[in-house]
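Inspection log for the structure reproduced underneath, given as structure tokens.
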Amino acid sequence: MLDTAYLRDNLELVRGALNRRGVDLSTELEQVLALEVQRRQMLPKLEGLKREQNATAAEVARARSQGQDTTTLQQSSRQRAEEIKRLSVELEKIEQERTRGLLTLPNLPHESVPTGAKASDNVEVRRYGKPRTFTFTPQAHWDLGPALEIIDFERASKISGARFSVLKGAGAQLARALINFMLHLHTTEHGYTEIEPPFMVNSAALTGTGNLPKFETDLFKISGDWDLYLVPTAEVPLTNLHRDETLHGKQLPIRYTAYTPCFRSEAGSYGADVRGLIRQHQFDKVELMVFTQPKDSYDELERLTANAEEVLKRLELPYRTMVLCSADMGFAAAKTYDIEVWLPSQSCYREISSCSNTEAFQARRANIKHRPEGGRKSEFVHTLNGSGLAVGRTLIAILENYQEADGSIIVPEALRPFMDGRTVIQSQ
RNA sequence: GGAGGGAUGGCCGAGCGGUUGAAGGCGGCGGUCUUGAAAACCGUUAGCGGGGAAACUCGCUCUGGGGUUCGAAUCCCCAUCCCUCCGCCA
């Protein structure tokens with residue numbers, strides 16, 4: 001959510017920033033502005049009436065204690081009460097609409113974000129490792145997995161449908177090892193506290209992160225008389241951990257990591273990545289999440305991104321890091337780095353992590369503040385999140401990058417302690 | 001699923017129609033005393049939104065929403081959450 005005071009004072013800046021996103025939001029913006037003007041006209045009027053009403057009530061009490069007649073006072077007060085009632089109803093309607101409008105406006109891109117119109121305008125900022133040269137034609141994971149009997153797509157579709165998968169034997173073990181490896185790295189070396197959150201969240205939590213009200217169709221909602229959705233990412237429960245709280249300045253930064261499954265409807269992605277594990281309705285992810293003071297948030301974004309990249313370095317997987325252009329960023333983000341891992345079968349880099357600074361956008365929605373040390377006034381924190389990493393896609397990258405001519409998979413060294421010392425995955 | 005009991009400031013806890021934004025305690029902050037500290041004592045200490053350069057000032061807030069009333073933390077209704085007991089249960 002954008003700050004209305006900032007919006008009023010920097011209208012042209014806001015217009016320009018929103019335009020950079022490549023969608024025309026001027027109608028929504030004008031509507032919010034008009035409602036804001038109305039609100040600021042009505043508020044003083046209403047407060048004046050309330051002040052009079054309070055004074056009258058005190059007067060009644062005083063007159064009574066002196067045994068005086070109060071019927072005239074009470075009469076005028078009763079009339080004023082009606083007027084107050086009428087005005088508050090009107091004001092509430094205006095505020096509701098204003099908030100609704102505000103909730104549908106995306107975050108403003110940071111000034112360091114390159115302007116662009118599409119994904120191909122994203123800018124590479126660094127690259128790690130060299131894609132391996134194969135002496136044979138590398139297979140895709142959707143061939144390798146079933147051949148090794150560690151991924152089963154057919155049985156998954158029997159029990160759940162398309163875009164689901166079953167991991168079996170060494171495949172299941174590999175996924176579990178990846179989760180443990182990532183959590184171990186982030187908790188012992190990167191300073192994150194591990195959280196196991198609920199895997200279902202309510203609509204208030206989803207509004208806090210920006211998934212609602214605009215993107216309900218991306219979510220799986222629990223049917224029946226429940227205000228619950230399956231988590232699309234651990235970002236939602238982690239960010240909302242401190243909803244409606246004022247944190248102490250010295251507590252910050254707070255760093256959380258969590259493993260959760262993630263559930264996404266993938267509405268509108270028909271035909272895209274239909275094969276394999278790339279785009280599933282359910283996938284595992286280890287998430288990184290930071291609450292920080294505003295002045296530190298861009299340093300923290302670099303740190304968090306480096307923490308995610310470290311996973312790939314340890315696994316010796318080639319990757320590149322992109323800064324997303326203004327049009328390719330998510331709704332809540334002010335700046336986003338995507339980390340893309342090399343997939344030999346596709347001869348290209350594919351997204352495996354997305355690390356964002358949302359600045360105060362989510363904090364304002366979720367009402368998460370902090371009181372700076374020594375400072376009097378509380379202010380909103382900045383929140384950051386990133387995948388550290390998507391487990392399914394990491395598993396794909398390992399299968400494809402570590403495959404041998406015979407279809408077996410070498411287990412990356414860093415992972416072996418988490419795989420009971422196993423060094424290779426081959427068919428039985 | 002059934003039967004009860006709760007929700008008050010950072011925390012504990014009083015208040016149960018009229019200067020109560022809220023006693024008291026704890027905690028925090030400042031001071032006196034002390035070589036320093038502790039103890040003791042004194043003082044101070046909620047948030048949010050308007051207006052104002054500021055001093056300050058107005059409004060809202062006792063889980064949330066609605067109602068009664070000139071006036072609600074206090075009375076009534078609804079919701080949410082928590083607790084206890086019973087049933088069921090990984």
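Each chain gets a letter, A, B and so on, in the order its sequence line appears, and its residues count up from 1.
- Residues that satisfy the side-chain hydrogen bond (donor to acceptor under 3.5 Å, both in side chains) test with Asp420(A), not counting sequence neighbours, are Gln173(A).
- Whole-Å rounding puts the Leu49(A) CG to G59(B) P distance at 12 Å.
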Practice problem: Could you give me the CA-CA distance, side-chain angles and deciding distance for Glu310(A) and Arg314(A), then say whether salt bridge (charged side-chain N to carboxylate O under 4.0 Å, His left out) is met? | Solution: CA-CA 6 Å; Glu310(A) 185 62 25; Arg314(A) 302 273 175 118; 2.7 Å; yes
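- Here C58(B) presents its C1' atom at 12 Å from CG of Leu46(A), a figure rounded to the nearest Å.
- Distance noted for atom P between G17(B) and G87(B): 41 Å (whole Å).
- The partner of U69(B) cannot be assigned: no Watson-Crick or G-U wobble pair with both contacts below 3.5 Å exists in any strand.
- In this structure, Glu30(A) contributes its side chain and Thr27(A) its backbone to no donor-acceptor pair below 3.5 Å.
- Nucleotides A23(B) and A79(B) place their P atoms 33 Å apart, quoted to the nearest Å.
- With hydrogens and angles disregarded, no donor-acceptor distance shorter than 3.5 Å links the side chain of Arg393(A) to the backbone of Ser353(A).
- Across the P atoms, G6(B) and G10(B) are found 24 Å apart, a figure rounded to whole Å.
- The pair Glu90(A)-Lys93(A) does not count as a salt bridge, with every side-chain nitrogen at least 4.0 angstrom from each carboxylate oxygen.
- Distances shorter than 4.0 Å separate some side-chain N or O of Asn54(A) from OP1 or OP2 on C60(B).
- A55(B): no Watson-Crick or G-U partner with both key distances under 3.5 Å is found in any strand.
- Taking a cutoff of 4.0 Å between a charged side-chain nitrogen and a carboxylate oxygen, Glu12(A) and Arg15(A) qualify as a salt bridge.
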Quiz item: Going 5' to 3' along nucleotides 62-72 of chain B, which nucleotides have protein heavy atoms under 4.0 Å from the base (write B), which only from the sugar-phosphate (write S), and which from neither (write -)?
Solution: -----S--BS-
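- Between the CZ atom of Phe380(A) and the P atom of G47(B) there is a distance of 15 Å, given to the nearest Å.
- Taking 4.0 Å as the cut-off between side-chain N and carboxylate O, Glu300(A) and Arg255(A) count as a salt-bridged pair.
- Among pairs with a residue in residues 105-116 of chain A, none fulfils salt bridge (charged side-chain N to carboxylate O under 4.0 Å, His left out), at least two apart in sequence or across chains.
- Comparing G24(B) with C33(B), their P atoms sit 27 Å apart, to the nearest whole Å.
- Between U74(B) and G15(B), the distance separating the two P atoms is 15 Å to the nearest Å.
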Between the protein and nucleotides 51-56 of chain B, which nitrogen or oxygen pairs come in under 3.5 angstrom?
{"residue": "G51(B)", "atom": "OP1", "partner": "Arg40(A)", "partner atom": "NH1", "Å": "3.3"}
{"residue": "G51(B)", "atom": "OP1", "partner": "Arg40(A)", "partner atom": "NH2", "Å": "2.6"}

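- Searching all strands for a Watson-Crick or G-U wobble partner of G4(B) with both distances below 3.5 Å returns C83(B).
- By the side-chain hydrogen bond (donor to acceptor under 3.5 Å, both in side chains) test, Glu316(A) is found to be paired with no residue, residues two or more places apart in sequence or in another chain being considered.
- A53(B) and G59(B) are spaced 22 Å apart, taking the C1' atom of each and rounding to whole Å.
- The distance from atom CG of Asn367(A) to atom P of G49(B) is 10 Å, rounded to the nearest whole Å.
- Annotation: U8(B) and G2(B) have their P atoms spaced 27 Å apart (nearest Å).
- With a cut-off of 3.5 Å on both Watson-Crick or G-U wobble distances, the partner of C89(B) is given as none.
- Which of G50(B), C48(B), G59(B) sits closest to the side chain of Lys50(A) comes down to G59(B).
- With a cut-off of 3.5 Å on both pairing distances, C33(B) has no Watson-Crick or G-U wobble partner at all.
- Here, A14(B) and G51(B) have their P atoms 40 Å apart, quoted to the whole Å.
- Evaluation of the salt bridge (Lys or Arg N to Asp or Glu O under 4.0 Å) rule for Arg416(A) yields no partner, not counting sequence neighbours.
- Taking atom CG on Leu91(A) and atom C1' on G50(B), their separation rounds to 12 Å, with Å as the unit.
- The interatomic distance linking Glu59(A) (CD) with U19(B) (P) rounds to 15 Å, in whole Å.
- Summarising the base pairing, U44(B) is matched to G28(B) through a Watson-Crick or G-U wobble pair whose two defining distances lie under 3.5 Å.
- Inter-residue side-chain proximity for Glu309(A) and Leu312(A) is flagged as unmet; no heavy-atom pair is nearer than 4.5 Å.
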